[in-house]
Amino acid sequence: MSRTDAIDQSLLDWLHHSSLAPHAEKLYKIMKEANQTAEKHGDYPRWQRALAQLPSEPFCSCTLNSSAIGIGHKNDHFDDKQHTQLNSALKSLLPWRKGPFNFFGTYIDSEWRSDWKWDRLKDGISPLQDRTVLDIGCGSGYHCWRMRGAGAKQVVGIDPTILFLMQFRAAQHYIQDDAVQFWPIGVDELPANMSCFDTVFSMGILYHRRSPIDHLLQLHQLLKQGGELVLETLIIQGDQQSCLMPSSRYAKMRNTWFLPSIDMLKIWLKRSGFKHIKILDVTATTPDEQRSTEWMQYESLSDYLDPNDPSLTIEGYPAPLRAVLTANK
Ligand SMILES: C[S@@+](CC[C@H](N)C(=O)[O-])C[C@H]1O[C@@H](n2cnc3c(N)ncnc32)[C@H](O)[C@@H]1O
């Protein structure tokens, strides 16, 4: 059996032994095509070389429930040359937007303090112990590892950005936990009416959807009866009739469509079939949480805000304010 056949077989086995089993054949086909498409990305060979450069360490201890995903320790078996090799491989996967990670003492200070988002929601959601979880738009997979660290039985992260798949593979190279999967697909590629997941996370996605109600309806369909949605999105201050649609960019972001008030968002959720809607958190995003670093050297939040009035974006809209809500099917 070739290496590809062995990987294919293990994915198929994984699917058949999960609560996604009723959709195993369909998902397997989608994934096979997605992996083939990923390999056609112009940077794929360069990223593959970077992954191949990662030094091997068969027995490393990993910490999935600390603010930085911890992979091994600085004083594990690597010599200086291997530490340099590791650093160079991880640098080939720039920009790191979601993290932090700590690979054997190499601290990846990503653009986002994704641990802050996790801290805001972790105590308010239903315990993840033994749950099958979907993380839509998972980026590098940072939150997928935190979900597993919180006891989830199986975690599927989906994201169509191939660089993030490679960053996930860098972590998986050492963590080697098959319960956490990264599928390089967009949410629209998932089969309809899966009704398979105990918890579905949609974080940083809703405002990028041209049709937010269709997204909420799809989230509803992905959940098992009684399952929990964890929704994190940009909102604005206002009453139940308030919603911002930027005329073009918002905080320099393309593809930003609807920023509702919390009360309007609750109506959207109710009309999409959700019950028991709870607001866990409302927090303004600051340049302490989202900023340029050595590991993400492009512009970041401080470049997206009005230099004379940071309560406004550069376009004059209210600066980013984010809410986390839970709701049940
Ligand atoms: C704002 S980031 C949010 C990342 C992460 N969920 C978080 O909250 O930190 C949005 C992510 O959605 C991904 N994305 C873009 N289009 C998508 C799609 N159609 N389906 C799923 N994810 C998508 C992007 O690649 C990006 O990683």
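Both ligands and their constituent atoms are indexed starting at 1 by order of listing.
Taking atom 20 (N) of ligand 1 as the reference point, the nearest protein heavy-atom neighbour is Val187 N, 2.9 Å. What sits closest to atom 12 (O) of ligand 1 on the protein, heavy atoms only, is Ile205 CD1, 3.3 Å. The protein heavy atom nearest to atom 26 (C) of ligand 1 is Asp159 OD2, 3.5 Å. Atom 3 (C) of ligand 1 has its closest protein heavy atom at Met203 O, 3.4 Å. Closest to atom 1 (C) of ligand 1, if we only count protein heavy atoms, is Gly204 O, 3.3 Å. Distance from atom 23 (C) of ligand 1 to its nearest protein heavy atom, with residue and atom name: Pro160 CD, 3.4 Å. The protein heavy atom nearest to atom 19 (N) of ligand 1 is Arg209 NH1, 3.6 Å. Of the protein's heavy atoms, Lys117 NZ, 3.3 Å lies nearest to atom 7 (C) of ligand 1.
At a 4.0 Å heavy-atom cut-off, ligand 1 touches Tyr207 through the side chain alone. Only side-chain heavy atoms of Lys98 come within less than 4.0 Å of ligand 1; its backbone N, CA, C and O stay farther off. Only side-chain heavy atoms of Phe164 come within less than 4.0 Å of ligand 1; its backbone N, CA, C and O stay farther off.
Within the structure, salt bridge (charged side-chain N to carboxylate O under 4.0 Å, His left out) pairs that include any residue of residues 297-310 comprise Lys252-Glu299 (at least two apart or interchain).
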Under the side-chain hydrogen bond (donor to acceptor under 3.5 Å, both in side chains) rule, what do Asp214 and Gln218 come out as? Steps first, then yes or no, please. CA-CA 6 Å; Asp214 285 339; Gln218 188 187 8; over 6 Å; no

Step by step, would you call Trp96 with Phe101 a ring pair (Phe, Tyr, Trp, His ring centres under 6.0 Å)? CA-CA 10 Å; Trp96 286 80; Phe101 292 85; 5.6 Å; yes

Please assess Cys138 against Phe182 for the test side-chain contact (heavy atoms from CB on, under 4.5 Å), listing each intermediate value before the final yes or no. CA-CA 8 Å; Cys138 64; Phe182 185 120; 3.5 Å; yes

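Residue contacts with ligand 1: Asp188 is placed with no nitrogen or oxygen under 3.5 Å of a nitrogen or oxygen of the ligand (distance criterion only). Every N/O-N/O distance between Glu232 and ligand 1 stays at or above 3.5 Å. Checked by distance only, ligand 1 and Gly137 come closer than 3.5 Å through their nitrogen or oxygen atoms.
No side-chain donor-acceptor contact under 3.5 Å links Thr285 and Gln290.
For Ser292 (side chain) and Tyr298 (main-chain N/O), a donor-acceptor pair under 3.5 Å exists by modelled atom type.
Heavy-atom proximity to Gly139, at under 4.0 Å, picks out these atoms of ligand 1: 27 (O).
Shown are Trp118, Phe168, Tyr174; of these, the ring pair (Phe, Tyr, Trp, His ring centres under 6.0 Å) with Trp145 is made only by Phe168.
Look at Arg97 and you'll find every heavy atom at least 4.0 Å from all atoms of ligand 1.
Using cut-offs of 30° and 60° on the angle between ring planes, the pair Phe78 and Phe104 is tilted.
Closest heavy-atom contact between Leu244 and Pro318: CD2-CD, 4.3 Å.
The local environment of CZ in Arg271 is sparse, with at most 12 non-hydrogen atoms from other residues, nucleotides or ligands closer than 6.0 Å.
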